[in-house]
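For the numbers below, each heavy atom of this structure counts, side chains included, while hydrogens, waters and symmetry mates do not.
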Amino acid sequence: MARILVTGAGGFIGSHLARMLKQRGHFVRAVDVKWDGYMEEDYASERRTLDLRSGTACLAATEGMDEVYNLAANMGGIGFITSVGADVAHDNVLINAHMLQAAIANRVGRFFFSSSACVYPEYRQANPGVVPLREEDALPADPDSFYGWEKLFTEKMAEAYARDYGLDVRVARFHNIYGPEGTYEGGREKAPAALCRKAAEAPDGGTIEIWGDGNQTRSYCYIDDCVSGILALMASECGSPVNIGSDRLVSVDGLADMIVGISGKALSRKHLCEAPQGVRGRNADLSMARSRLGWEPEVTLEEGLEKTYRWILSRVKQKGK
Ligand code: NAD
């Protein structure tokens, strides 16, 4: 049994990860500045409310921990990360710099950092039929958001801590993780959750809005696969960044079709071409994850969306009461 810190454990991926680690018998300290509260059970051994932009808070969080999973970040979907630059860069640089430093001070054994597909350069994602992105494609750098630049910088900062202080670092680049108990309203939600919410709220025969012309493409990875990918990476000897995602490319219209089908409603679509839509196409090459971690996603998009839609529908119904 290890003593494990999960930061960002009040949020989506962190809460699922903490639950899995606790189920495996570890002592799990969950840290966040706020708690989404979607999970009803006590999914961590200990809970601390801390603002990790401060070095003192990071020292308190990492004290006595064997491993750290650092998922805390000021982040959101495309609408959020295209409109908020300074706060995202400021908060995340502080969290990550202090967390790395605190991990050294408290002699943490292994350190996980949650990076993002947003590190990849815009010039490799200019059309919907994009070539799947390999890890080495991140350079020469040209991420399309401040959020992506910060993630890329922190990857390098973690590499420096590994070289200079011997910190045992693992870095995952997540590609559009979705599933139940994730943000689905309020402006930080991502496309799968937003579309599920719109379909759940719409009356039969109604209309849902889709950002962009619907031809932009992405790949989507279900939360359970993401958690198993993180655990496989942490158990591996792979010290360089690895894609954790899916390599099934889908257009946003295709995604909407699937969700509308699951809802069982007849819904028409209105495209908002002026709304933020990010890069034109993005897909993950999973060769490294397969060969170095022996990991690949198992949950189909159909299965994952069904579970996500059902959960969001139940939330929408609860609120309507
Ligand atoms: P999330 O927003 O649900 O979780 C992030 C958590 O960090 C939130 O609960 C938030 O309160 C917490 N946090 C923010 N500022 C903090 C602070 N100052 N101190 C303490 N906690 C703070 O997001 P998520 O989807 O669970 O993402 C987890 C990690 O994975 C993030 O680092 C994110 O950048 C990364 N990521 C996620 C995706 C995805 O598709 N969900 C894709 C790429 C990368």
Side-chain angles (χ1 to χ4, degrees), residues 6-9 11-18 20-21 68-78 80-81 88 92 95-96 99 111-121 125 130 132-135 137-138 143-155 158 169-183 188-193 217-234 236 238 240-250 255 278-279 281-290 292-293 295-299 301 304 308:
V6 180
T7 77
F12 174 42
I13 304 174
S15 58
H16 282 266
L17 175 65
M20 178 55 77
L21 289 167
V68 168
Y69 292 74
N70 186 29
L71 287 96
N74 185 357
M75 64 90 67
I78 195 70
F80 180 77
I81 61 166
V88 162
N92 296 340
I95 293 170
N96 292 322
M99 281 299 299
F111 187 99
F112 172 86
F113 171 58
S114 50
S115 186
S116 168
C118 291
V119 301
Y120 289 110
Q125 306 172 82
V130 62
L133 294 156
R134 293 164 306 164
E135 286 75 0
D137 292 336
D144 71 323
S145 64
F146 296 111
Y147 169 76
W149 277 105
E150 189 282 328
K151 289 288 191 193
L152 192 59
F153 169 69
T154 295
E155 286 188 4
V169 173
R170 300 288 177 273
V171 177
R173 291 180 183 154
F174 296 147
H175 290 245
N176 291 311
I177 313 303
Y178 73 99
E181 292 147 342
T183 306
R188 288 180 186 248
E189 61 277 23
K190 295 179 160 224
T217 54
R218 293 292 184 277
S219 62
Y220 301 94
C221 178
Y222 189 64
I223 183 66
D224 292 359
D225 283 329
C226 172
V227 169
S228 70
I230 297 171
L231 298 178
L233 172 57
M234 276 298 258
S236 80
C238 186
S240 58
V242 189
N243 288 331
I244 296 289
S246 158
D247 53 7
R248 178 174 168 190
L249 193 67
V250 193
L255 183 73
V279 292
R282 173 177 290 160
N283 197 4
D285 183 307
L286 299 180
S287 312
M288 189 187 276
R290 289 191 176 102
R292 303 279 307 269
L293 316 183
W295 172 89
E296 64 181 357
E298 290 175 354
V299 180
L301 189 55
T308 308

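- The two residues Gly77 and Lys190 make their nearest non-hydrogen contact at CA-CG, 3.7 Å.
- Qualifying ring-ring contact (aromatic ring centres under 6.0 Å, His included) partners for Phe12, counting only residues two or more places apart in sequence or in other chains: His16.
- Remark: Tyr178 pairs with Tyr222 by the ring-ring contact (aromatic ring centres under 6.0 Å, His included) rule, at least two apart or across chains.
- Annotation: side chain of Val130 is not in contact with side chain of Val279 (no heavy-atom distance under 4.5 Å).
- The distance from the CZ atom of Arg134 to the CG atom of Leu286 is 13.5 Å, given to the nearest 0.5 Å.
- Shortest non-hydrogen contact noted between Arg292 and Cys238 is NH2-CA, 3.5 Å.
- At a threshold of 4.5 Å between non-hydrogen side-chain atoms, the residues Thr7 and Ile95 do not count as touching.
- Scanning all heavy atoms of the two residues, the minimum distance from Ser114 to Asn70 falls at OG-O, 3.1 Å.
- With hydrogens and angles ignored, the 3.5 Å screen pairs a side-chain donor or acceptor of Asp225 with a backbone N or O of Glu298.
- With contacts defined as side-chain heavy-atom distances shorter than 4.5 Å, the pair Leu231/Leu21 qualifies.
- Scanning for side chain to side chain donor-acceptor pair (under 3.5 Å) contacts around Arg282 gives Gln125, with sequence neighbours left out.
- The OG atom of Ser287 sits 11.0 Å away from the CD atom of Glu296 when rounded to the nearest 0.5 Å.
- Under the side chain to side chain donor-acceptor pair (under 3.5 Å) criterion, Asn176 pairs with no residue, sequence neighbours left out.
- Other residues, nucleotides and ligands contribute only 12 or fewer heavy atoms inside 6.0 Å of the CZ atom of Phe146.
- Two residues are said to be in side-chain contact when any heavy atoms from C-beta on lie closer than 4.5 Å; Thr183 and Phe80 fail this criterion.
- Side chains of Ser115 and Lys151 form a contact here, defined as non-hydrogen atoms less than 4.5 Å apart.
- Here the side chains of Ser228 and Asp224 are not in contact, with every heavy-atom distance at 4.5 Å or above.
- Expressed to the nearest 0.5 Å, how far OH of Tyr220 lies from CG of Leu301 amounts to 8.5 Å.
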Criterion side-chain contact (heavy atoms from CB on, under 4.5 Å) on Thr154 and Asn92, from CA distance to verdict: CA-CA 9 Å; Thr154 295; Asn92 296 340; over 6 Å; no
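- Under a 3.5 Å cut-off, the side chain of Trp295 and the backbone N or O of Ile230 do not form any donor-acceptor pair.
- Counting heavy atoms from C-beta on, the side chains of Pro143 and Leu152 come closer than 4.5 Å.
- For Phe112, the ring-ring contact (aromatic ring centres under 6.0 Å, His included) partners two or more places apart in sequence, or in a different chain, are Tyr69.
- When every heavy atom of Cys221 is checked against every heavy atom of Cys226, the shortest pair comes out as SG-N, 4.0 Å.
- Checked by atom type and distance alone, the side chain of Glu135 pairs as donor or acceptor with a backbone atom of Asn243 at under 3.5 Å.
- In this view, Asp247 and Arg290 satisfy the salt bridge (Lys or Arg N to Asp or Glu O under 4.0 Å) rule, not counting sequence neighbours.
- Taking OG of Ser116 as the reference point, atom CD of Glu155 lies at 9.0 Å (rounded to 0.5 Å).
- A distance of 5.0 Å separates OG of Ser236 from CZ of Arg170, quoted to the nearest 0.5 Å.
- In plain terms, the two heavy atoms of Val6 and Gly14 that are nearest each other are CG1-O, 3.7 Å.
- Heavy atoms only, all atoms of each residue included: Ser219 and Ala284 are closest at OG-N, 3.9 Å.
- Distance CD1/Ile244 to CZ/Arg173: 11.5 Å, rounded to 0.5 Å.
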side-chain contact (heavy atoms from CB on, under 4.5 Å) between Arg188 and Asn74, intermediate numbers included: CA-CA 10 Å; Arg188 288 180 186 248; Asn74 185 357; 2.8 Å; yes
